[in-house]
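By convention here, the first residue in the shown sequence is residue 1. Ligands are counted one by one from 1 in listed order, and the atoms in each one are counted from 1 as well. For clarity, every value in this text was computed on a predicted model and none was experimentally measured.
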Amino acid sequence: MSEGVRAEVQRSDWDQWWRTAVIYQVYPRSFSDSNNDGLGDVKGIIKRLDYLKKLGVEAIWMSPHYPSPQADAGYDVADYFNVNPEYGTLEEFDELIAEAHARGIKLIIDVVPNHSSDQMDLFQEALAAGPNSPERDMYMFRYSENGTPNNWGSMFGGPAWSEVEPLTGKEEDRGWWYLHLFAPEQPDFNWENPAVHEFFKSYFRFWLDRGIDGFRVDVAHGLVKAEGLPDDDIGPDRWAGGQQADQVESPFWDQPGVHEIYREWRKVLDEYGRDRMLVAEAWLTPEREARYVREDEMSQLFNFTYLKANWNADRVRDAINLPIEANGVVGAPVTWVMSNHDVVRATTRYGYEPEVATDRGIGFDDPQPDRELGLRRAKAMAVFTAGLPGSMYVWQGEELGLPEVTDLPDESRQDPTWLRTGNKIRGRDGCRVPIPWEAKAPNFGFGTGAPWLPQPEYWAEFAADVQEDDPSSTLNLYRKLLNTRAELGTASGSVEWLDAGDERVLLIKNGDVRLVLNMSNKPVEIAEVSEVVVSSCALEVQGGSVEVPANCGAWLK
Ligand code: NOJ
């Protein structure tokens with residue numbers, strides 16, 4: 001954030017760690033399996049903390065770790081106050097917090113407030129209690145004799161409503177429905193009910209008391225629905241394909257009432273300190289997103305515009321400028337996100353032409369990416385991205401240059417999108433395949449039990465151990481990058497655009513470093529260079545200038 005903006009906006013959190021941190025996303029199921037049951041676990045994460053420290057990670061964001069029937073890989077929470085027994089115990093979780101903190105690494109967990117699992121006691125009690133009971137008022141039950149109460153569609157395909165009577169077998173439930181913006185196993189909470197607010201306040205205190213540093217807020221723009229639940233003008237099928245689909249005006253997204261909720265949560269977090277953070281998952285436009293990061297609401301929000309820009313210079317430029325401008329007004333930092341567990345991995349997306357849509361996932365019978373080109377571009381993009389001011393998210397395996405598994409056997413797929421669209425939309429399993437740690441060990445060192453999603457044979461070349469001692473590996477590039485980022489303090493700098501003579505070459509001055517990303521198809525000459533600080537390809541200063549090839553990114557002095 002530039003000093004100019006800083007001087008104009010009064011906020012009490014200008015010096016907080018989350019403004020500049022490198023935050024590494026761990027997907028517990030797929031990270032590291034210590035008890036060899038094919039699923040990652042808490043002890044597995046503890047085992048890898050030194051690896052993360054060496055990488056230069058300042059915080060971990062962990063996808064849901066709670067008991068869950070796993071209808072949506074843990075985003076269907078059955079108990080908000082415990083750890084999934086498949087992943088470990090609460091005691092082990094406390095150990096994780098302590099071990100992370102001992103290494104100076106913060107821990108952010110995922111809060112899932114839009115919906116719970118249908119197996120959660122609150123939903124089961126609601127079903128048992130019958131129509132119009134206080135228990136039912138915790139969720140979104142509606143009566144409608146002729147079909148679904150409105151035309152809303154689930155993000156995973158099919159209607160967003162399911163009938164109650166088949167679940168309870170009770171006559172009195174005939175004509176009653178419950179809302180689920182996601183799978184039927186994920187009933188939506190009723191945020192009009194103060195008891196729901198109280199429930200989540202107690203949730204926050206429980207984890208803050210254990211030492212948690214922050215929360216990633218799932219579907220942050222979806223909690224409040226428009227009064228009367230009016231039809232939308234899209235209908236059920238528009239939404240199938242996941243939340244990365246472009247969002248539009250909708251009676252269930254971005255309703256003004258959501259902001260009251262975040263103000264309430266911020267007050268709870270403030271009891272523990274301004275260093276406790278909230279990061280929003282809200283797929284909106286930069287202007288609308290900025291409202292979530294006002295001083296009395298959340299700390300950060302994922303910059304998905306950046307993720308969605310793919311390998312397109314104009315879109316990347318906008319994804320830098322628009323959020324900086326919008327967030328600047330409220331004094332919030334911008335985050336830089338290339339990937340996460342809901343989208344096709346960056347190395348694979350960059351291996352296609354930028355206009356190729358990958359939202360539906362990729363299968364063996366789809367056009368395949370240029371893997372080598374994708375990796376070159378992903379490294380270039382990572383170098384450029386890490387030099388931008390703000391906080392940076394790294395999706396597990398990104399530092400290994402892992403590609404999407406585009407030939408995952410369809411019978412192994414577990415994403416509800418695949419299952420609920422009648423196998424039409426493949427969904428997100430291809431980016432969630434367990435991490436390869438050791439090239440020669442069974443299951444590449446993930447654990448000796450068969451991993452919950454199969455790893456492809458060619459992953460040996462990406463294993464962390466073969467990259468360890470190779471100075472030109474993606475892993476060592478990330479290490480150098482993140483550690484240099486910390487040394488030079490670029491994350492608290494500012495963006496000043498320079499002209500590189502070609503619109504497809506991005507050139508930014510941040511303090512005394514120039515960041516260049518050559519997205520064109522020919523080399524570009526950058527003058528007045530004395531040093532290449534870090535680069536994704538081999539570069540040489542000759543006669544005070546540097547020739548940066550296509551698909552290369554660098555920091556220059
Ligand atoms: C967003 C999460 O990132 C995604 O994985 C999940 O399926 C939905 N929210 C529903 O919780």
Considering the heavy atoms of H115, write down every atom of ligand 1 situated less than 4.0 Å from one of them. 10 (C), 11 (O)
By number and element, which atoms of ligand 1 are closer than 4.0 Å to a non-hydrogen atom of R428? 4 (C), 5 (O), 6 (C), 7 (O)
Test: R360 and D366 ion pair at under 4.0 Å: no
May I ask you to check if R413 and W418 form a cation-pi contact, with NZ or CZ under 6.0 angstrom from the six-membered ring centre and within 45° of the axis? yes
Under 4.0 Å from any heavy atom of F156, which atoms of ligand 1 are there? 7 (O)
Please tell me whether D254 and Y292 have a donor and an acceptor in their side chains that are separated by less than 3.5 angstrom. yes
Could R136 and F141 be counted as a cation-pi pair, given that NZ or CZ must be under 6.0 Å from the ring centre and within 45° of the axis? yes
Using a strict cut-off of 4.0 Å, indicate which atoms of ligand 1 neighbour a heavy atom of F182. 8 (C), 10 (C)
Contacting atoms of ligand 1, where contact means under 4.0 angstrom from a heavy atom of V219: 9 (N)
Can you tell me if Y75 and D110 form a side-chain donor-acceptor pair at under 3.5 Å? yes
Could you check whether R210 makes a cation-pi contact with F206, meaning its NZ or CZ is under 6.0 Å from the centre of the six-membered ring and within 45° of the ring axis? yes
Under a 4.0 angstrom heavy-atom cut-off, which atoms of ligand 1 come close to R432? 5 (O)
Report yes or no: does a heavy atom of M155 sit under 4.0 Å from some atom of ligand 1? no
Would K106 and E58 count as a salt bridge (Lys or Arg N to Asp or Glu O under 4.0 Å) here? Give the steps. CA-CA 6 Å; K106 312 265 188 193; E58 294 159 271; over 6 Å; no
If you take the nearest heavy atom of each of L181, T417, D342, which one is closest to atom 4 (C) of ligand 1? D342
Under a heavy-atom criterion of less than 4.0 Å, does R216 contact ligand 1? yes
